[in-house]
There are 2 protein chains.
Amino acid sequence: MPRSSVSSTGHNRISAAQRIGQALLEEISAGELRPGQRLEEIGLAHRFGVSRTPVREALSRLTAQGILVQGERRGVFVAQYTREELSLIFEAMHEIEAACARVVAQRLGLLSRTEIEAAQAECVKAAEAGDRTAYLRANEAFHMAIYRATGNPYLREIASEFRQRTGPFRAKKFDGPESLLLSARSHQALINDIFSEDSAAASKSMRDHMTTSFIQALKAN
Amino acid sequence: MPRSSVSSTGHNRISAAQRIGQALLEEISAGELRPGQRLEEIGLAHRFGVSRTPVREALSRLTAQGILVQGERRGVFVAQYTREELSLIFEAMHEIEAACARVVAQRLGLLSRTEIEAAQAECVKAAEAGDRTAYLRANEAFHMAIYRATGNPYLREIASEFRQRTGPFRAKKFDGPESLLLSARSHQALINDIFSEDSAAASKSMRDHMTTSFIQALKAN
DNA sequence: TGAATTGATTTTGTATACAAACGGGGGATC
DNA sequence: GATCCCCCGTTTGTATACAAAATCAATTCA
């Protein structure tokens, strides 16, 4: 959990455990660490110039989040899911996202509205430019904006965790430029339902949006 | 001395960290450890006859689950929520439960059906007997049966965690005997919607069920 | 030749120690 | 009498060491 804030001079206030966890997360997201790959405590300890203790803490945290899995006496690995499992994880994620959309539709503030619209504008821009990397980032921001708009940090937390967890499997889901435009249009439909404060429609819209993107993710993995 | 003390011959594989975490969970659920109460590493270490290391691991796991919170350099405490926060936690929980009901309605197997019916039978029995403790247990089993019936371990995991997390605040929610009957009747309505495989109705039914019980919980806390 | 035993290595869990950072209390200063 | 500062205890994070259990390999025995 977040310890404290910033660094002053030489030494960071963030613990080594956090730093390592963050670094590993990034490497996993970036695909440098592939699903199924082994992570050994001692090796990581040497690599980061620390002892096993903070490494263990980082690993156990990521394991609790489902990013890593513990093999039976054979070390810790980057989580690797079968198609079946992946499908179930995405199902859970879709339900959470739909719940978020539902709540947002019920409790929509002006600020959230602006934030969501801004994020969507970014998405459209990136989609029209055909910039895949930019779209990935903008899409992330769009969904995060919705999580925040729920006004419910607990819901937001779960949704974020799922997003993180599925990151490695969603990264390659946007094949061509038309897929970006499709996604952006799907966002717009969702926004319309949310802004009209129809919670049932918003929930369904989100589920539809997620489903289409999921199908592409499955094809890619 | 490491982990020798427990196993005489066979394999007792649970670690001290797990044992301590479990023990703490039970004490919290039982209300022996009240929200806001401090847990000090060294004290627990002595109490369980171990060193700080496994205690730390147990505490950090429970902290990650939101059961405990880390005070600012003043130790770890049993999570204590304001009415506001409690309200949001329950909202999140309700959405998860609703999602489960929705999924179950879409994918209902015979086995799950039987299990849910059996759990509900127990609930009715306890409610009619006016046995509050038995009803609490039966109610737990009923909801767990629904989680399992989703066929989605990831959804189940989240739902279970929320149930655990809110345990201390739900324990006293059933005031009188008529409240038990009310809850059991609410279950029945939910079951009807699930069994008719109407996912939207099931989801709404669950939300209604949870809302009524939540209101009672809020009154109690 | 195949199976079982055993020894070594790895992995995991725990103990203990140490260092840094924060908070509070007591004393000094005005 | 109030305020400020310094010191000290507590808490937290990390390092290192050790012990048990499990895996792997090799060797031995049937």
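Each chain gets a letter, A, B and so on, in the order its sequence line appears, and its residues count up from 1.
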Could you state the CZ-C1' distance from A:R19 to D:dG13, rounded to the nearest angstrom? 13 Å
ring-ring contact (aromatic ring centres under 6.0 Å, His included) against B:F142, all qualifying residues, sequence neighbours excluded: B:H187
Tell me the interatomic distance from A:I14, atom CD1, to C:dA21, atom P, rounded to whole angstroms. 15 Å
Separation of D:dT10 atom P from B:L44 atom CG, nearest Å, is 17 Å
What residues, two or more places apart in sequence or in another chain, satisfy salt bridge (Lys or Arg N to Asp or Glu O under 4.0 Å) together with A:R38? none
Under the rule for side chain to side chain contact (heavy atoms under 4.5 Å, CB included), what residues qualify as partners of B:E140, not counting sequence neighbours? B:M144, B:R163, B:R170
Return the set of residues passing ring-ring contact (aromatic ring centres under 6.0 Å, His included) with A:Y154 (not counting sequence neighbours), or none when no residue passes. none
Please enumerate all residues that pass salt bridge (Lys or Arg N to Asp or Glu O under 4.0 Å) together with B:E41, with sequence neighbours excluded. B:R52, B:R56
Once you round it to whole Å, what is the distance between C1' of C:dG23 and CD of B:E40? 16 Å
Regarding A:R102 and B:E91, does a basic nitrogen lie under 4.0 Å from an acidic carboxylate oxygen? no
note: A:Q18, atom CD; D:dT12, atom P; distance rounded to Å ~ 14 Å
For DNA chain D, whose closest nucleotide is more 5', that of B:I42 or that of A:A16? B:I42
Write down the distance between CD (A:E41) and C1' (C:dT9), rounded to a whole number of angstrom. 16 Å
Who are the salt bridge (Lys or Arg N to Asp or Glu O under 4.0 Å) partners of B:R148, not counting sequence neighbours? B:E115
To the nearest Å, how far apart are B:L39 CG and D:dT11 C1'? 14 Å
Nearest whole Å is fine: how far is D:dT12 C1' from B:L68 CG? 16 Å
Which residues pass the ring-ring contact (aromatic ring centres under 6.0 Å, His included) test with B:F162, sequence neighbours left out? none
Between residues 48-57 of chain B and DNA chain D, which residues have a heavy-atom gap below 4.0 Å? B:R52, B:R56
Note down the inter-axis angle between the two ends of the helix from C:dT1-D:dA30 to C:dC30-D:dG1, five pairs each, to the nearest 10°. 10°
Distance-only, no hydrogens or angles: does the A:E95 side chain make a donor-acceptor pair with backbone N or O of A:A92 under 3.5 Å? no
